[in-house]
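Structure first, commentary second.
Everything numeric in this text was worked out from a predicted model, so none of it was measured. Start at 1 and go down the list; that is how both ligands and their atoms are numbered.
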Amino acid sequence: MKVFKFGGASINNAERIKNISGILKSYQDEKILVVISAMGKTTNALEKVVEAFYKGEKEEALQLFENVKQVHLNLANELLKQPVNQINDFFTEVEWLLHDKPVKDPDYYYDQIVCAGELLSSSIVSAFLHSEKIKNIWIDVRDIVRTDDNFRDANVDLGFTQNKINEIIIPAFDTTNIVVTQGFIGSTDENESTTLGREGSDYTAALFANMMNAESLTIWKDVEGVMNADPKEFGDAKFINALSYDEVIEMAYYGAQVIHPKTIKPLQNKNIPLYVRCFLNPDAEGTIISNKNVHQLPPIIVLKQNQVLINLNSKDFSFVGEKPMSRLYEIFAELKIKPNLTQNAAISILICMDDHHEKIEKLALKASEIFDVQMEKNLTLLTIRHYNTNIINKLSKDKTIVLEQKTKDTIQMLMKRLDQSKTY
Ligand code: ASP
Ligand code: MG
């Protein structure tokens, strides 16, 4: 059994959905669990619906939802002779909710509305596969993936979910080779919809691969595979054909937007290989990510924009000992802050973090009880794994570096903002 995950770009229009059906046809005799995310930018569009609804702008919310609805109706129309009745139920569920007054937590509404994206896209894909004589069973993943009620970033109940997979998904494969379901969404024990955090479909697919003991997971993307840098920023980005799980975890940690960071662990635990392949070129092998160590990797480059450097100075010039340090880490925990880089000196601490305006204000306020606080904004954090002198020189040339850290494998340089419109 294999798990295939198709992301937003792979189902963005009728042509691309036909393309997926072509890919599935080439795996005719295999059992495949297909995990689908929302079409194109649907999740962003639904987020706008939620915002308007929560502000009390009911008409605006309904109008914005109408647009999402039309996109899906047009797509279904273009692909199929008959209407996909199921999608009307999902439209109605959201519209009913939009007629209510927002009285609960915004994250609760977010999940009830945003989950529609995956339900709609997967229903259309499943119907189209049927019309192409590709037998498949569509399953509402909310009947399978049970989560807590931490809306917008829900945690999966692994035991319950495993039982449902055994009870529903595994037997489904007795009568079909293809099961189509959704990524990113789940539900609570009270049947409220939940979401697992943006870009969470990769994670859902990895959980399924783990719980079904799949032979592999393939994530189909619009790029050749994993590159050593973001090709939008680095004109000479190189394709990498093999990586270890550990390398990918490191890349994700430093901010590479390859794969959702939670994806690797479920695969690594059962030693299931992950393929990242291009749906536009299904004959190409793509990148394989597995437990094999890969030597001689090219330098791997990750840029994180919008960084802030916070300089905390001890108020009375006394050394920064364990007490203020532990208070500082308490503050991080209270505010759920994950610094990207820290450095200690005798009477000061430097912290580099993402520029989350609200969190920084709160951090500055709390830290000012023990430190003098200074801040520098608009910085870029450049991380290079497997660096060499050439690449460091090339990427740091003419840049002002405000902080640098180096280990055997990795160098990080915090710089004055790099021009985002330029490629390197
Ligand atoms: N549709 C969701 C998002 O855009 C989940 C995903 O694509 O993985 O974040
Ligand atoms: Mg996506």
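Between Phe53 and Tyr109, the distance from one ring center to the other falls under 6.0 angstrom.
Near Phe184, the atoms of ligand 1 lying under 4.0 angstrom from a non-hydrogen atom of the residue are 2 (C), 5 (C). Listed by number with element, the atoms of ligand 1 under 4.0 Å from a non-hydrogen atom of Arg198 are 3 (C), 4 (O), 9 (O). Near Ser37, with a cut-off below 4.0 Å to any heavy atom, the atoms of ligand 1 are 6 (C), 7 (O). Below 4.0 Å from some heavy atom of Thr43 lie the following atoms of ligand 1, by number and element: 1 (N), 2 (C), 3 (C), 4 (O).
Looking at Tyr27, Phe279, Tyr275 one by one, the single match for ring-ring contact (aromatic ring centres under 6.0 Å, His included) with Phe4 turns out to be Tyr27. When the options Asn291, Thr263, Asp246 are evaluated for a side chain to side chain donor-acceptor pair (under 3.5 Å) with Gln268, the one that passes is Asp246.
Taking any N or O of Lys5, backbone or side chain, none lies under 3.5 Å from an N or O belonging to ligand 1.
Relative to the six-membered ring of Phe173, Lys31 misses at least one condition, a distance below 6.0 Å or an angle of at most 45° to the axis.
For Glu118, every heavy-atom contact with ligand 1 shorter than 4.0 Å involves the side chain, none the backbone.
The heavy-atom pair separating Thr204 from Gln182 by the smallest distance is CG2-O, 3.8 Å.
Residue pairs meeting the salt bridge (Lys or Arg N to Asp or Glu O under 4.0 Å) criterion with at least one member in residues 247-256, sequence neighbours excluded: Glu247-Arg385, Glu250-Arg385.
Under a 4.0 angstrom heavy-atom cut-off, Gly7 registers as lying outside contact with ligand 1.
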